[in-house]
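Since we're looking at a predicted model, the values are computed, not measured. Labels below follow one simple rule: chain letters A, B, ... track the order of the sequence lines, proteins then strands, and each chain is numbered from 1.
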Number of protein chains: 2
Amino acid sequence: MINKLSETKAFGGRQMRFEHESNTLNCTMQFSVFLPPQAANAKVPALYWLSGLTCTDENFSSKAGAQRVAAELGIALIIPDTSPRGEGVPDDSDGAYDFGLGAGFYVNATQQPWAKHYHMYDYIVKELPELVEQSLPLTSARSISGHSMGGHGALVMALRNKGMYRCVSAFAPICHPTQCPWGHKAFSGYLGDDRDDWQAYDATELLLKHRTAPPMLVSQGEADNFLAEQLRPDDLGQAIAQTGIEATLERHEGYDHSYYFIASFIEQHLHFHAKYLK
Amino acid sequence: MINKLSETKAFGGRQMRFEHESNTLNCTMQFSVFLPPQAANAKVPALYWLSGLTCTDENFSSKAGAQRVAAELGIALIIPDTSPRGEGVPDDSDGAYDFGLGAGFYVNATQQPWAKHYHMYDYIVKELPELVEQSLPLTSARSISGHSMGGHGALVMALRNKGMYRCVSAFAPICHPTQCPWGHKAFSGYLGDDRDDWQAYDATELLLKHRTAPPMLVSQGEADNFLAEQLRPDDLGQAIAQTGIEATLERHEGYDHSYYFIASFIEQHLHFHAKYLK
């Protein structure tokens, strides 16, 4: 059961926000949806967008300019929040931006006190698609994309769930989280100290292990402050080269980690998704 | 003298934020600028964007998606804040959203304690264009647009300063502020109780008085909660009809007062501006 919180028209389509009780996350969750004009008359395919650290479902909705292109291409946008929310959901004791609320890292936490709520992996790959495909005019054609922590999430979902997503793209993803400070902090907190358990949430390691992936497009800005220490696109690039999968890894001079970068290349990404969603 | 606070690449151009000491407003002001790629090699015309209540220079920058089209058309975007700011600048005693900080209403205040800082009219029409035309690769071809309170500001600037702006447009402007609650509150506070002094900041009254205007495009959403009570586009429409000026007033079914409305029609508005800026 989803409850519509708001709706307005955008680019001839419907920009909406919903609330529901999540059984996976044990809390009330909100998410945003854009339905293109084509959804008035027929079911449409869906692109899932996973946002980055500190974001909610509203950042991509308001800043990326994706609705314009999604309306042209007839693609729905499904935009979840980045962590469980609400009273009773534990947060980082220091209120850090990179752990706890707004920083679910798209994993299923096994450690206390996180294990009760922080199951963003199952939420994204199971509960949310079942919910929206029951409630909204969507086909079962899905693809996935995201930014930074959400780029990591999108790559992991696509690499681990063969057949679930027609293709995957990412903006400035955390490519090798087992080898960067953000990943160390999140994985040790949510998953514990056994690094074998971390591999299942690391795109570079998953690709090297499975050696297969849906079509992949990754865009990275060269002026991104997090590039070398946190994002490590070269590591993913080497794994792509070693495995020979169908993938494009683009570098863009002058672009940083912000939504201005996403807005500048979202049209290209949506056309990439449309090619596989049709 | 302007001091650059930040810069990033967007759509091949430069999205920047500046700070300066404003002599007009007696405080430090910030504003945003987008320079299209064409500005790397030649001076470009400028569209001034005036934002609405509660906004800063960053709302339009991050939410409207204007840079994509401005980059195609070779137009700079100059995006000021909506009021004086900083310690020492008085705010509404109740912290209301529609008066004081974030709500300068683009007037020159004559009443205390507002008269020292709240001179947004002079700031927009004199100080800011002089400053940016000295500092940035801009021609003297200018146009102006805005949203809600900023739509009111844009129309007033264009109607009172013949030759200053090649054209004007507005999204959901406060068309007749002497006849609506927002206008009553702002004008009585900033200008005092003599309603004759209010006429100089009322687009509908100015048009009826001067009976001339630069080419004008006004867009209004039919699902805008403020439409009837605050915005009164019919009043402006009647003045347009009476004076026979070159103007288009469009109504769009289903669109509300949000940036989703602006984003949906900013491309149309920018093409309108480009026609007169070239």
Side-chain angles (χ1 to χ4, degrees), chain A residues 5-17 32-37 40 55 58-72 77 79 171-172 219-227 250-270, chain B residues 5-17 32-37 40 55 58-72 77 79 171-172 219-227 250-270:
Chain A
L5 299 173
S6 67
E7 172 169 350
T8 188
K9 205 167 173 179
F11 295 96
R14 301 166 69 191
Q15 179 69 38
M16 298 178 284
R17 198 161 191 228
S32 289
V33 170
F34 175 71
L35 287 182
C55 288
E58 297 198 296
N59 301 68
F60 181 76
S61 299
S62 63
K63 294 184 174 182
Q67 293 91 345
R68 179 183 63 87
V69 191
E72 285 172 18
L77 305 173
I79 310 158
F171 291 83
S219 297
Q220 175 62 54
E222 292 283 9
D224 186 323
N225 286 334
F226 301 112
L227 202 162
E250 294 188 344
R251 302 284 200 121
H252 296 283
E253 179 271 324
Y255 288 89
D256 68 10
H257 202 65
S258 73
Y259 264 89
Y260 291 115
F261 171 52
I262 300 171
S264 297
F265 294 96
I266 194 70
E267 181 164 1
Q268 176 202 7
H269 278 241
L270 284 165
Chain B
L5 299 174
S6 67
E7 172 170 349
T8 188
K9 204 166 175 180
F11 295 96
R14 301 165 69 191
Q15 179 68 38
M16 298 178 285
R17 198 161 191 228
S32 289
V33 171
F34 175 71
L35 288 182
C55 288
E58 297 198 298
N59 301 67
F60 182 76
S61 299
S62 62
K63 293 183 174 182
Q67 292 91 344
R68 178 182 64 86
V69 191
E72 285 172 17
L77 306 173
I79 309 157
F171 291 83
S219 297
Q220 175 63 55
E222 292 283 9
D224 186 323
N225 286 335
F226 301 111
L227 201 162
E250 293 187 346
R251 303 284 200 123
H252 296 283
E253 180 271 324
Y255 289 89
D256 68 9
H257 202 64
S258 73
Y259 264 89
Y260 291 114
F261 172 51
I262 299 172
S264 297
F265 294 95
I266 194 70
E267 181 164 1
Q268 177 201 6
H269 277 241
L270 284 165

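- Most heavy-atom pairs under 4.5 Å with chain A, from the set B/G254, B/A71, B/G12: that is B/G254.
- Of the listed residues B/A223, B/G65, B/S62, B/A64, the one with more heavy-atom pairs under 4.5 angstrom with chain A than any other is B/S62.
- Closest approach of B/Y255 to A/F11, counting heavy atoms only: OH-N, 3.5 Å.
- Annotation for B/T8 and A/S258: closest pair CG2-OG, 4.4 Å, computed over non-hydrogen atoms.
- B/H252 places none of its side-chain heavy atoms less than 4.5 Å from the side chain of A/K9.
- Using a 4.5 Å cut-off between heavy atoms, A/Q67 touches chain B through its side chain atoms alone.
- Heavy-atom proximity under 4.5 angstrom to chain A picks out B/Y260, B/A263, B/S264 from residues 259-266 of chain B.
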